Amino acid sequence: MSSTQTSHALQSMSSSSNGLVPLLGWLARLRYPVIGITTLLAVWWAGGYIVANDPDMWAFANFAPAPTFHALYDLVASGSIWPTIQSSLYRVLVGLFWGVIIGVPVGVLIGYIGTAMKIANVPFQFLRMISPLAWMPIAVLAFASWDAAIIFLIVMATVWPIMFSTAHGVRRIDPNWFKVAKNLGASGPQMLRRIILPAIMTDVMAGIRLAVGVAWVVLVPAEYLGVTSGLGYAINDARDTLAYDTLAAIVIVIGVIGYGLDTICSVLIKRFNWHVE
């Protein structure tokens with residue numbers, strides 16, 4: 001073999017090894033999640049086995065992994081789960097949208113103006129500690145449709161973490177930034193756009209991440225309210241018809257979607273981590 005051929009062979013081997021490094025790193029990162037999921041499935045299987053062999057609990061044997069994943073396959077293959085997911089995501093996203101529209105401006109206001117924070121802190125903390133589901137009777141009376149009532153409950157769940165996280169971000173901004181901006185003749189909108197918003201985006205996204213988690217938890221009991229669609233309704237219907245395998249399958253769907261939404265928020269937090277164009 002000539003020196004040129006040897007050089008090409010070495011370069012090819014080097015390229016192959018370099019291509020394997022990212023793959024090996026990716027597999028290494030998956031090691032612990034795979035262990036965790038495997039442990040969870042093992043505990044679930046053991047619990048299902050115990051239930052199936054208990055004469056007092058055998059009626060709930062369909063909670064076991066095998067019937068659950070079979071029901072999940074049927075839901076996905078038939079396409080019946082997609083309208084259900086769409087209804088729930090619509091309510092969560094609309095509620096989250098209004099939570100952001102209300103929470104971010106109010107958070108900026110009470111974070112920037114110290115007097116506003118002193119006035120609003122006690123009533124806002126009082127309202128924050130009320131369970132969103134406690135507003136259910138008021139929501140039913142105040143809104144003409146069940147969808148609007150559920151969206152209102154989600155707004156009440158999402159607005160507080162977004163508002164207080166935004167206010168915390170504003171209060172962390174170095175006051176010297178504002179002094180420099182004023183000395184350079186920056187107007188209020190310019191200060192908001194050039195200083196406040198870039199500085200608080202990480203805090204806003206962290207608040208949205210918390211809000212998504214709370215909203216997704218509140219969604220299921222909220223969808224017990226007279227609606228005929230959504231994941232909460234599907235769970236209630238499966239319980240009433242004793243379809244425990246379907247119920248468990250829907251619980252898996254809720255967990256997967258919730259994890260996906262949280263992952264998206266986590267990526268956005270990294271994206272906006274003190275990132276200024």
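These numbers come from a predicted model, not from an experiment.
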Results of side-chain hydrogen bond (donor to acceptor under 3.5 Å, both in side chains) for Asp74 - residues two or more places apart only: His70

Heavy-atom check, side chain of Ile208 versus side chain of Ile269, under 4.5 Å: no

Interatomic spacing from OG1 in Thr158 to CE in Met163 - rounded to 0.5 Å: 9.5 Å

Pairs satisfying side-chain hydrogen bond (donor to acceptor under 3.5 Å, both in side chains), at least one member in residues 244-257, at least two apart: none

Exercise: identify the closest heavy-atom pair between Ser165 and Gly207: OG-N, 3.4 Å

Partner set under side-chain hydrogen bond (donor to acceptor under 3.5 Å, both in side chains) for Arg239, not counting sequence neighbours: Asn236

Closest heavy-atom pair and its distance - Ile162, Thr166: O-OG1, 2.7 Å

Contact summary for Pro83 and Ser80, nearest pair of heavy atoms: CD-O, 3.5 Å

For Ser88 against Gly230, the heavy-atom pair lying closest together: OG-CA, 3.3 Å

Same apolar cluster (I L V M F W Y, side chains within < 4.5 Å links), Val220/Val217: no

Separation between CE of Met205 and CG of Leu210, rounded to the nearest 0.5 Å: 11.0 Å

Interatomic distance, Leu72 atom CG to Ile250 atom CD1 [nearest 0.5 angstrom]: 9.5 Å

Qualifying residues under side-chain contact (heavy atoms from CB on, under 4.5 Å), relative to Trp44, sequence neighbours excluded: Leu41, Pro65, Thr68, Phe69, Ile252

Anything under 3.5 Å between a donor and an acceptor, one on a side chain of residues 259-267, the other on a protein residue two or more places apart or in another chain? List them.
residue, atom, partner, partner atom, Å
Asp262, OD1, Arg209, NE, 2.8
Asp262, OD2, Arg209, NH2, 3.0
Thr263, OG1, Tyr259, O, 2.8

Check: Trp146 and Val140 side chains under 4.5 Å, non-hydrogen atoms: yes

Non-neighbouring partners of Trp135 that pass side-chain contact (heavy atoms from CB on, under 4.5 Å), sequence neighbours left out: Leu127, Ile130, Ile138, Phe152, Leu153, Met156

Within residues 180-234 or reaching into it, pairs that qualify as ring pair (Phe, Tyr, Trp, His ring centres under 6.0 Å) - sequence neighbours excluded: none

Chi angles and distances behind the side chain to side chain contact (heavy atoms under 4.5 Å, CB included) call for Asp237, Thr228: CA-CA 9 Å; Asp237 183 63; Thr228 57; over 6 Å; no

Partner set under side-chain contact (heavy atoms from CB on, under 4.5 Å) for Ile195, not counting sequence neighbours: Ile173, Trp177, Phe178, Ala181, Met191

N/O donor-acceptor pairs under 3.5 Å from side chains in residues 89-117, not counting sequence neighbours:
residue, atom, partner, partner atom, Å
Arg91, NE, Asp147, OD1, 2.6
Arg91, NH1, Glu223, OE2, 2.7
Arg91, NH1, Ser229, O, 3.1
Arg91, NH2, Asp147, OD1, 2.9
Arg91, NH2, Ser229, OG, 2.9

Residue list, ring pair (Phe, Tyr, Trp, His ring centres under 6.0 Å) with Trp45, at least two apart or on another chain: Tyr49

Test ring pair (Phe, Tyr, Trp, His ring centres under 6.0 Å) applied to Tyr73 - qualifying residues, sequence neighbours left out: none

Pairwise ring pair (Phe, Tyr, Trp, His ring centres under 6.0 Å) hits with a residue in residues 115-134, at least two apart: Phe124-Trp160

Other residues, nucleotides, ligands: >12 heavy atoms within 6.0 Å of Gln125 CD: yes

Close side-chain approach of Leu197 and Ile200, heavy atoms under 4.5 Å: yes

Closest heavy-atom pair and its distance - Ala215, Ile154: CB-CG2, 3.8 Å

Contact summary for Leu231 and Thr84, nearest pair of heavy atoms: N-CG2, 3.5 Å

